[in-house]
Each structure stands twice: as C-alpha cells, then as structure tokens.
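First comes the structure, then the notes that go with it.
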Amino acid sequence: MLFAHRKSGHITGQGTSTWAVVAAAGSGERLGAEQPKAFVRLGELPLLAESVRRLEESAWVDAIVIAAPPGWEEPAILLAEELGCGKVSACVTGGATRAESVRLALAEVPEDAVVVVVHDAARPFLPEEVLERVLTALGEGWDGAVPGLPIADTVKRVEGDRVVETLDRSALVIVQTPQAFLAPVLRRAVELGEGTDCSSLVERAGGRVTVVPGDPRLVKVTTKAELELVESWL
Ligand code: CTP
Ligand code: MG
C-alpha cells in the first residue's frame, strides 16, 4: 500500500490521500474558561493552533478538516490562515458529541481519500513519531491503529461506591489520539452511533484495530493543571 510507505505529501496523479480530522468542537466545560477549550490560550496562540500546525508540518498528512464549536468556524479558518496552514481544506460546525463532530468533518473528506487520521485538539502536543507509528500500522494491514500507554495504577470496576472487581491492568491500555483508519472503514463506523473515541466505533463495526506505543506528551487538556503542564513544554 503506497500511502504508508511514503513520507512526502503529494504523489503526482494520486491525489490527496491521507486526511486529518481535528475534533475541536467541544465546549471545554471541565476547563471552565469563557471560550471553548480549542480557543483557550496556550502560550501565545489558541490551543487549536498547536495541533493544526503540527499536522500541517507533518510529512504524513496531506489535508486537514477542522470541526469547530458553533460560532467559531471563522476564527478557526482565520487561525489556519494566520499560521500559513495551506493543508486546511475545510472547517465545519461540530455536533453535540465528539462522534457527531467527526461524522460532520468526514463529510468534507473526499471519496478518494485513502486514510483518515482523527486527532483531538485537546491534545496539542502531537509528536510526528506517533503519526508515523499509527500510519505505518495501516500499511501492515490493519483497519485502524491507536496510540496506547500502559496503566501504572491499579484499576477497579465499581458500582456506585462499591468495588466490584479489580481488573488485570497488564491487559489494559490508556488510549490517545491521533487514531488512523482506512477511510471507508471509518466512514461506515461513524454511522453506527456514539463512542468516546473513533476506535470504539470501528471495533463495534467489526474492524481490526491495533495499538502502537503512545506518548505521555499526548496528554489531554481537561483542566487547568494539564493546560499549565503542556504550556511548560512549549
Ligand atoms: N469534541 C468535539 N465535539 C464535541 C465534543 C468534543 O469535537 N461535541 C472534541 C473536543 O474539542 C476535544 C475532543 O473532542 O478536542 C475530546 O473531548 P473533551 O476533552 O471531552 O473536550 P470537551 O468536550 O470540549 O471538554 P468537556 O468534556 O470538559 O466539556
Ligand atoms: Mg467532552
């Protein structure tokens, strides 16, 4: 499969084949800022800028679609222009859930796209090596690939405040984004319903998903503490 074995952007005659969808349409309720989380300041720029800039600079990504919070489509486009992100092809209004936002963004991804990488704007620190790992896995025949990290803490299943079971943490991973999928597989899966990540939809649709090493720097900004942590790395 050609797409997974190249590092250059465009191959003459093949068109644009690896698309990135940036899920940025959340409200950021837990962060509790005045503006949606994607537009909270991270250093000099809105949080969204960091991941979009990294996708723009990635040798693995050909084009980008952003799902923005309602009313923030124009600021998102202006930001992309300001950053000189020519790969940003569209910005759509996101939906009420993450899955819905991805579904709406996928509608802007052309039919001939081969691969779609879905990334949370809430994970600004996006290493190129992780993109390489998830996309290489697709070239090995998987329908999808997700970055995962081992769990350091003991994990228990609970019902209310009662502990029901202690899980075998060696069989569990914490999953991040970017998550990569064969485009037709993801398109079918997002029609099936809701999930907290795209992989869960693909798994439900019978897709074969592999896990590759994630990166602790892909921390998800949920509260002010993570925002400050990521800011300290810039
Ligand atoms: N997201 C989205 N559309 C939604 C909800 C979430 O595109 N309707 C995106 C967020 O912008 C974020 C990612 O999905 O980049 C992960 O979601 P989360 O961290 O939960 O962000 P928010 O939903 O914005 O935060 P909160 O749950 O605290 O409101
Ligand atoms: Mg949320």
Side-chain angles (χ1 to χ4, degrees), residues 19-43 45-56 61 64-77 79-80 83 85 88-109 116-127 130-131 134 144 146-149 174-181 186-187 189-202 214-231:
W19 284 67
V21 164
V22 182
S27 59
E29 214 166 293
R30 288 168 289 180
L31 191 58
E34 265 172 40
Q35 64 275 65
K37 185 155 71 182
F39 289 89
V40 162
R41 293 267 131 187
L42 178 71
L45 292 166
L47 180 93
L48 174 64
E50 192 62 27
S51 52
V52 171
R53 183 182 62 76
R54 286 163 183 266
L55 289 165
E56 173 75 25
V61 172
I64 303 166
V65 179
I66 301 169
W72 291 82
E73 305 84 352
E74 205 173 312
I77 284 289
L79 178 65
L83 295 169
C85 293
V88 174
S89 132
C91 178
V92 302
T93 310
T97 62
R98 184 187 186 280
E100 183 64 21
S101 296
V102 171
R103 202 172 297 140
L104 292 162
L106 271 179
E108 294 299 318
V109 173
V116 178
V117 178
V118 184
H119 184 61
D120 290 333
R123 302 178 195 271
F125 210 102
L126 168 54
V130 179
L131 281 166
V134 291
V146 300
L149 289 177
I174 287 168
V175 167
Q176 307 173 315
T177 72
Q179 301 187 347
F181 306 94
L186 183 61
R187 271 189 221 278
V190 296
E191 295 307 321
L192 295 180
E194 293 297 319
T196 51
D197 74 349
C198 291
S199 178
S200 57
L201 307 175
V202 170
D215 193 306
R217 293 170 296 177
L218 274 166
V219 57
K220 185 156 85 163
V221 171
T222 305
T223 65
K224 202 137 189 287
E226 289 100 22
L227 188 65
E228 284 166 6
L229 178 66
V230 174
E231 204 149 34

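First listed ligand is number 1; within each ligand, the first listed atom is number 1. Hydrogens, waters and symmetry mates play no part in the numbers below; they use all other heavy atoms, side chains included. The structure displayed is predicted, hence computed values, not measured ones.
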protein heavy-atom neighbour closest to atom 24 (O) of ligand 1 works out as G28 N, 2.8 Å

Do Q179 and S199 get their side chains close enough for a donor-acceptor pair, meaning under 3.5 Å?
no

Stepwise side chain to side chain contact (heavy atoms under 4.5 Å, CB included) test for L126 and L218:
CA-CA 6 Å; L126 168 54; L218 274 166; 4.2 Å; yes

Tell me which protein heavy atom sits closest to atom 7 (O) of ligand 1, plus the residue, atom name and distance to 0.1 Å.
A25 N, 2.9 Å

Does an N or O from A23, backbone or side chain, lie closer than 3.5 Å to an N or O of ligand 1?
yes

A67: heavy atom below 4.0 Å from ligand 1, yes or no?
no

The answer for which part of R30 has a heavy atom under 4.0 Å from ligand 1 is both

Can you confirm whether D215 sits close enough to P147 that some side-chain heavy atom of one is under 4.5 Å from a side-chain heavy atom of the other?
no

Yes or no: does A38 have any heavy atom under 4.0 Å from an atom of ligand 1?
no

Would you mind running through ligand 1 and noting each atom that sits below 4.0 Å from a heavy atom of S27?
24 (O), 29 (O)

So if I count the atoms of ligand 1 from 1 in the order they appear, which ones are less than 4.0 Å from some heavy atom of S101?
2 (C), 3 (N), 4 (C), 7 (O), 8 (N)

Just to confirm my output: which protein heavy-atom neighbour is closest to atom 26 (P) of ligand 1, and how far is it?
E29 N, 3.5 Å

Contacting atoms of ligand 1, where contact means under 4.0 angstrom from a heavy atom of T97
3 (N), 4 (C), 8 (N)

Nearest non-hydrogen protein atom, atom 13 (C) of ligand 1
D120 OD1, 3.4 Å

With a 4.0 Å cut-off on heavy atoms, is T222 in contact with ligand 1?
no

A96 neighbourhood, listing ligand 1 atoms whose heavy-atom distance to it stays under 4.0 Å:
8 (N)

Protein heavy atom at shortest distance from atom 21 (O) of ligand 1:
K37 NZ, 3.2 Å

Do A121 and ligand 1 have an N or O pair less than 3.5 Å apart?
yes

Heavy atoms, side chains only, cut-off 4.5 Å: are L45 and L83 in contact?
yes

Any idea which protein heavy atom is nearest atom 11 (O) of ligand 1, and the distance to it?
G26 N, 2.9 Å

In the protein, which heavy atom is nearest to atom 17 (O) of ligand 1, and how far is it?
K220 NZ, 4.1 Å

Is it the side chain (CB and beyond), the backbone, both or neither of E100 that lies under 4.0 Å from ligand 1, heavy atoms counted?
neither

Measure from NZ or CZ of R187 to the centre of the six-membered ring of F181 and say whether it is under 6.0 Å with the direction within 45° of the ring axis.
no

So is G95 in contact with ligand 1, going by heavy-atom distances below 4.0 Å?
yes

